[in-house]
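Have a look at the structure below, then the notes.
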Amino acid sequence: MELRDIEIFLTLAEELHFGRTAERLHVSQARVSQAIGRQERRLGVALFDRTSRRVSLTPVGRRLREDLQQALDLLHAGLARAEAASLRAGQTLRLGVFGHAGHELRPLVDAFLARHPGCDVQFGEINGSDPFTALRTGDHDVHVLWLPVAERDLTVGPTVLTGGRVLAISTNHPLADRASVSLEDLADNHVADLGPGAPEYWVSAMVPTRTPLGRRIPRGPAARTFHEILSLVTAGHCVHPLGEIAARYNSPPGIAFLPIHDAPTTQFALTWRSNNDSPVIRALAQTAADLGPISL
C-alpha cells in the first residue's frame, strides 16, 4: 500500500464521507473510491460498508485503521527526528533580500537561530529586475519577495514584512515639496523600466502600469539595479515607486522619498523552489508563521 493510499484510507476512516475526504486531501472523489477499491480487492475483504446514506468501517477496516495509524505515527516521528538531527548538525540558509531588508528581518532571523543554534543565515542581495533566477539556479535557498508570486515552480510561504510605498523623486522635481503623493501623479512622469527579467504581473504590483483612474504610467529609461534607479532619479530622468524601507535606510543627496498615500499595503513573503523543500527551509517558514509579519 502506497503512502498516499494510506492517507486516503485513514482520512476516510475519520470522515466517513467520500466527498469530505476528497476535499480535505485535494483529490477527486473518484480518486478516493479507486484507492479504497484497489485495497479491498488486494486484501480480498471489504474495509467499509457503504449505503446511500452512510459509510462505516467494517471490523477488518477498524483493525486496519488502528494498525496503519500506529505505523504512520512512527514514520512521522522518525522523519521528525531525522530532520531535527540535520538541523542540529548545522546548515547554512542563503536568504535573498532587497537592499536593507535584512535589518528589518533580524527578529525573524534571531528567532530562527535561537530555535536552531546549529544553523546559520547568510544574506544575499536581489534586484527587482531579476527576482527569481538566483532561486532557480540554487545560488539562494529562499527569497523575500513582494506579492503576488505566481510561478509554477516556486512555493510562497508566510508573509514576513508588510509596509507602505514611497516615491523616489529628485529634490528639484515640482512634486518634491509635497508631504505625500498619489498614484495618479505617476501618470505625469516616467518610471524606470526594469526590463524583461521579471514578469509583468509581478513588477506591476509595485510599479503599476496604470493609475487607479486608468491613466497610463510611462516607463523608461531602463534600470536593472536599485542604485541605477537612484542615479536616474537624481538626474531627473524618472521617478520610481519603492517599498518604504528604501526611505528608512537611504538618504542620498538630491533624492526625496515621498509617501504614496493611496498605495495599497505591500506584503513580502518567503519564497523558495518547490523541489527544494528542505528541513531548514521548513524550519524558517515555521518560525516566520509563528512570529507573524513584521510591520515596517
Side-chain angles (χ1 to χ4, degrees), residues 93-115 121 123-132 134-135 140-151 154-169 179-186 191-192 194 198-212 217 226 229-230 239-251 256-272 281-296:
L93 188 144
R94 297 159 297 178
L95 183 62
V97 299
F98 296 109
H100 296 86
H103 296 286
E104 299 297 329
L105 290 169
R106 284 312 320 177
L108 169 60
V109 172
D110 290 345
F112 170 73
L113 296 178
R115 291 184 180 187
V121 175
F123 288 105
E125 188 171 5
I126 54 177
N127 291 299
S129 62
D130 189 15
F132 306 134
L135 277 179
H140 292 161
D141 300 306
V142 180
H143 279 181
V144 177
L145 298 172
W146 69 71
L147 298 178
V149 172
E151 303 295 303
L154 301 181
T155 294
V156 178
T159 297
V160 294
L161 292 173
T162 63
R165 221 171 299 178
V166 296
L167 186 66
I169 193 168
S180 67
V181 294
S182 166
L183 289 172
E184 291 299 325
D185 292 316
L186 298 181
V191 297
L194 298 182
E200 181 57 40
Y201 80 87
W202 184 79
V203 174
S204 63
M206 178 66 72
V207 188
T209 57
R210 294 190 178 274
T211 71
I217 300 172
F226 175 71
I229 292 172
L230 294 187
V239 301
H240 200 78
L242 298 165
E244 69 172 292
I245 193 172
R248 185 172 300 184
Y249 292 98
N250 296 277
S251 54
F257 295 100
L258 305 181
I260 305 176
H261 57 254
D262 55 350
T265 298
T266 303
Q267 297 182 322
F268 296 81
L270 300 179
T271 306
W272 61 88
I281 291 176
R282 288 196 296 273
L284 179 68
Q286 185 61 59
T287 303
D290 294 343
L291 189 65
I294 301 166
S295 297
L296 296 172

Among I126, V97, T271, exactly one meets side chain to side chain contact (heavy atoms under 4.5 Å, CB included) together with H140. Which residue is that?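 Passing option: I126.
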
Whether [X] side chain and [Y] backbone form a donor-acceptor pair below 3.5 Å:
X	Y	value
H240	L167	no
D141	L93	no
H143	F132	no
R210	I217	no
W146	W202	yes
N250	A246	yes

Is any side-chain heavy atom of [X] less than 4.5 Å from a side-chain heavy atom of [Y]?
X	Y	value
R165	L242	no
V160	P293	no
L258	V166	no
I260	S182	no
L296	T162	no
Q267	L161	no
S251	F257	no
L194	I229	yes

Closest approach of [X] and [Y], non-hydrogen atoms and distance?
X	Y	value
L270	L95	CD2-CD1, 4.4 Å
A269	L147	CB-CD2, 3.7 Å
V207	V191	CG1-CG2, 3.7 Å
I245	A101	CD1-CA, 3.4 Å
D262	L183	OD1-N, 2.9 Å
T287	A111	CG2-CB, 3.8 Å

Please determine whether side chain to side chain contact (heavy atoms under 4.5 Å, CB included) holds for the pair H261 and V181, giving the CA-CA distance in whole Å, both sets of side-chain angles, and the decisive distance to 0.1 Å. CA-CA 6 Å; H261 57 254; V181 294; 5.7 Å; no

What orientation do F268 and F98 show, parallel under 30°, tilted 30 to 60°, or perpendicular over 60°?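 F268 and F98: perpendicular rings.
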
Considering the options F226, F123, Y249, which one meets the ring-ring contact (aromatic ring centres under 6.0 Å, His included) requirement together with H100?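 With H100 as partner, ring-ring contact (aromatic ring centres under 6.0 Å, His included) holds for just one option, Y249.
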
Between atom OG1 of T155 and atom CZ of R282, what is the distance when rounded to the nearest 0.5 Å?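 Taking OG1 in T155 and CZ in R282, the distance rounds to 11.0 Å.
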
Nearest-0.5 Å distance, CD1 of residue I294 to OG1 of residue T159: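 One finds 11.5 Å between CD1 of I294 and OG1 of T159.
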
Pairing of R115 and D110 as salt bridge, 4.0 angstrom limit: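 Salt bridge absent between R115 and D110.
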
Could you walk me through whether E104 and R248 pass the side chain to side chain contact (heavy atoms under 4.5 Å, CB included) check? CA-CA 10 Å; E104 299 297 329; R248 185 172 300 184; 3.0 Å; yes

